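Report on the following structure.
This is a predicted model, so every value here is computed, not measured.
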Amino acid sequence: TLPRPGCLVFIIHDLSDILGYATKGMVETKFSKATGVVFFTMCATWAYLRLFVFPAYVISSTWIEASKMTRGYPLWGGVFSLLTLLALHFYWFGMFIQMGWSFVAKGVREDIQDQSTKGK
């Protein structure tokens with residue numbers, strides 16, 4: 001029962017990762033306006049796919065439909081894993097909001113996630 005939600009997780013992540021990597025590449029260029037357009041498009045795509053579609057369709061389907069297929073017992077390991085992934089989506093989206101605010105308010109284009117891993 002997990003291959004279907006697994007495929008949906010891959011599709012949702014792949015679609016939003018394309019713009020994520022494009023944004024990460026654009027930060028290193030001199031094209032500030034283009035970087036902003038790609039970044040805000042990525043944020044909108046990320047919010048829709050990972051913060052709306054993922055919980056509304058993938059998690060709920062795993063919780064409700066999979067429990068019907070397993071005689072009333074939801075797949076707790078799978079549901080817990082998906083909920084943990086959803087929590088990470090909200091954390092990362094918060095980082096995007098911080099980066100967007102820095103870009104709009106100060107004109108600074110930086111990857112704060114990249115900075116947090118350099119010190120380790």
Open item on the list: Quick check: closest heavy atoms across W46 and H89, and the distance to 0.1 Å?
Closed with: NE1-O, 3.6 Å
Open item on the list: I'd like to check M99 versus V104 (side-chain heavy atoms, cut-off strictly below 4.5 Å). Are they in contact?
Closed with: no
Open item on the list: Could you see if Y21 belongs to whatever hydrophobic cluster contains V37? Use Ile, Leu, Val, Met, Phe, Trp, Tyr and a side-chain cutoff under 4.5 Å.
Closed with: no
TODO: Would you confirm whether T29, through its side chain, and G25, through its main-chain N or O, come within 3.5 Å as a donor-acceptor pair?
DONE: no
Task: Heavy-atom donor-acceptor pair, T35 side chain to M26 backbone, under 3.5 Å - done: yes
- [ ] With sequence neighbours excluded, give me every side chain to side chain donor-acceptor pair (under 3.5 Å) pair touching residues 51-61.
- [x] S61-E65
- [ ] Using atom types as modelled and distance alone, determine if a side-chain donor or acceptor of R50 lies under 3.5 Å from a backbone N or O of S16.
- [x] no
- [ ] Answer with yes or no whether the hydrophobic clustering places Y91 together with Y48; edges join I, L, V, M, F, W, Y residues whose side-chain heavy atoms lie under 4.5 Å apart.
- [x] yes
Open item on the list: Hydrophobic cluster membership, with links at side-chain heavy-atom distances under 4.5 Å among I/L/V/M/F/W/Y: are W101 and F40 in one?
Closed with: no
Open item on the list: In this structure, would F52 and I97 fall into the same cluster of hydrophobic residues linked by side-chain contacts under 4.5 Å?
Closed with: yes
TODO: Please examine the side chains of L49 and F54, heavy atoms only from C-beta on, and report whether any two atoms are closer than 4.5 Å.
DONE: no
TODO: Kindly indicate whether the side chain of L82, heavy atoms from C-beta on, has any atom under 4.5 Å from the side chain of V9.
DONE: yes
Open item on the list: Over 60° means perpendicular and under 30° means parallel, so tell me whether F96 and F93 are parallel, tilted or perpendicular.
Closed with: perpendicular
TODO: Report yes or no: do I18 and L51 belong to one cluster of Ile/Leu/Val/Met/Phe/Trp/Tyr joined by side chain heavy-atom distances under 4.5 Å?
DONE: no
TODO: Go through the structure and list residues passing ring pair (Phe, Tyr, Trp, His ring centres under 6.0 Å) with F90, not counting sequence neighbours.
DONE: none
- [ ] Inspect the contact between K24 and D17 and indicate whether a charged nitrogen and a carboxylate oxygen are less than 4.0 angstrom apart.
- [x] no
TODO: Under the ring pair (Phe, Tyr, Trp, His ring centres under 6.0 Å) rule, collect the residues that match up with F39, sequence neighbours excluded.
DONE: none
